[in-house]
Number of protein chains: 2
Amino acid sequence: MKIGELAKRTGVSVRSLRYYESQGLISPVRLANGYREYSPLAAETVKTIKLYLNLGLTTEEIAGFLHCVLKNKEAFCAEVMPLYESKLEEIERQLHQLTQIKLNLEERMASIRREREGSGAKAQTKAGEE
Amino acid sequence: MKIGELAKRTGVSVRSLRYYESQGLISPVRLANGYREYSPLAAETVKTIKLYLNLGLTTEEIAGFLHCVLKNKEAFCAEVMPLYESKLEEIERQLHQLTQIKLNLEERMASIRREREGSGAKAQTKAGEE
DNA sequence: ATAGACCCTGACACCAGTGTCAAGGTCAAC
DNA sequence: GTTGACCTTGACACTGGTGTCAGGGTCTAT
């Protein structure tokens, strides 16, 4: 199957398929005319790539274990678990940071509302002071 | 005061101060030799900018109301509240997305652990399936 | 007058995946 | 033999604040 066909089947753009290839994630054979020819299994591969991208992994990280998980159960691939762990930590750091921002935002919004109701009585809360 | 001095006082890099200027946030006067000359009040302004950046606002958004909040109480500036509201929504969207990713990650990690303990008995959970 | 600290502008790099355009080759059908 | 759909590579844009370098000007103190 050619690249347009694969794009249609997987819902991934032609541009992205070529990008995945440049990152070493897929390796279609080339026809005599230079066209990429994908095996029918490629659709599964692409869906797997999408899955890992959705987990927040980068193409580079995926490249490190994709070969293994395509042939084995994921649990068999030793590279995966440490990657998941560090990714989880990263996500948690981001969650913490976002939550902090959210709290500060809400505090400032509440402060403004108080000030408006109180007819400008209280002093301005000048900072969230991280 | 010149830019290096302001950088020292505020903890913001010279590079960033120039960037803020290019975004219309600060407007130092220029000396005959082309050097930027900042008023003593500039340090306060820069700290205010930092504050809003830490709330997740962009320089462009800050530019829209900075002038007002430097002269008035924040509650007086009508532009601020809607901005906070939409920013809060954005943050909440991101929180939701990150939380979803986190759950998927944890589920996959748990699945791998089960598989390893169970000596490869159960089938591979092939996807988080968004 | 020269060293050294400070200032200037302009530009590239980063993250990382995707959109999009240009300029051109291939192929099937009419 | 020409149209039109599909393929190729290469390149720039985007997000957005910051680091960093190049190449050069200014000022102060010795």
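Throughout, protein chains are lettered first and strands after them, A, B, ... in sequence-line order, and every chain is numbered starting at 1. Please read all numbers here as calculations on a predicted model, not as lab measurements.
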Given [N], is OP1 or OP2 found less than 4.0 Å from the side-chain N or O atoms of [X]?
{"X": "A:Thr59", "N": "C:dG17", "answer": "yes"}
{"X": "A:Arg36", "N": "D:dC7", "answer": "no"}
{"X": "A:Thr58", "N": "C:dC15", "answer": "no"}
{"X": "A:Arg30", "N": "D:dT9", "answer": "yes"}
{"X": "B:Arg15", "N": "C:dC12", "answer": "no"}

Which of B:Glu90, B:Glu92, B:Glu89 passes salt bridge (charged side-chain N to carboxylate O under 4.0 Å, His left out) with A:Lys102? It is B:Glu92
[X] [atom1] to [N] [atom2]: how many Å, rounded?
{"X": "A:Gln23", "N": "C:dT18", "atom1": "CD", "atom2": "C1'", "answer": "12 Å"}
{"X": "A:Tyr35", "N": "D:dC6", "atom1": "OH", "atom2": "P", "answer": "11 Å"}
{"X": "A:Leu31", "N": "C:dA28", "atom1": "CG", "atom2": "P", "answer": "11 Å"}
{"X": "A:Lys2", "N": "D:dT8", "atom1": "NZ", "atom2": "C1'", "answer": "13 Å"}
{"X": "A:Leu17", "N": "D:dT8", "atom1": "CG", "atom2": "P", "answer": "10 Å"}
{"X": "B:Tyr20", "N": "D:dG16", "atom1": "OH", "atom2": "P", "answer": "14 Å"}
{"X": "A:Glu61", "N": "C:dG17", "atom1": "CD", "atom2": "C1'", "answer": "14 Å"}
{"X": "A:Tyr19", "N": "D:dA13", "atom1": "OH", "atom2": "P", "answer": "18 Å"}

Side chain to side chain, A:Glu5 and A:Thr10, heavy atoms closer than 4.5 Å:
no
B:Leu53 vs B:Ala32, nearer the 5' end of DNA chain D by closest nucleotide
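First, find each residue's nearest nucleotide; the 5'-ward one identifies B:Leu53.
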Residue met sooner reading DNA chain D from 5', once A:Glu5 and B:Val14 are mapped to nucleotides:
A:Glu5
Are side-chain N/O atoms of B:Thr45 and B:Thr48 paired as donor and acceptor at under 3.5 Å?
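No pair is found: no donor N or O on one side chain lies under 3.5 Å from an acceptor on the other.
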Answer yes if the side chains of A:Arg30 and A:Tyr35 hold a donor-acceptor pair under 3.5 Å, and no otherwise.
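A:Tyr35 and A:Arg30 do not have a side-chain donor-acceptor pair below 3.5 Å.
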Closest to the [X] side chain, choosing from [options]:
{"X": "B:Asn33", "options": "C:dC8, D:dT8, D:dT26", "result": "D:dT26"}
{"X": "B:Ser13", "options": "D:dT18, C:dC6, C:dT18", "result": "D:dT18"}
{"X": "B:Ser16", "options": "D:dG19, D:dT9, D:dG16", "result": "D:dG19"}

May I ask you to decide whether A:Glu44 forms a salt bridge with A:Lys50, counting only side-chain N to carboxylate O separations under 4.0 Å?
no
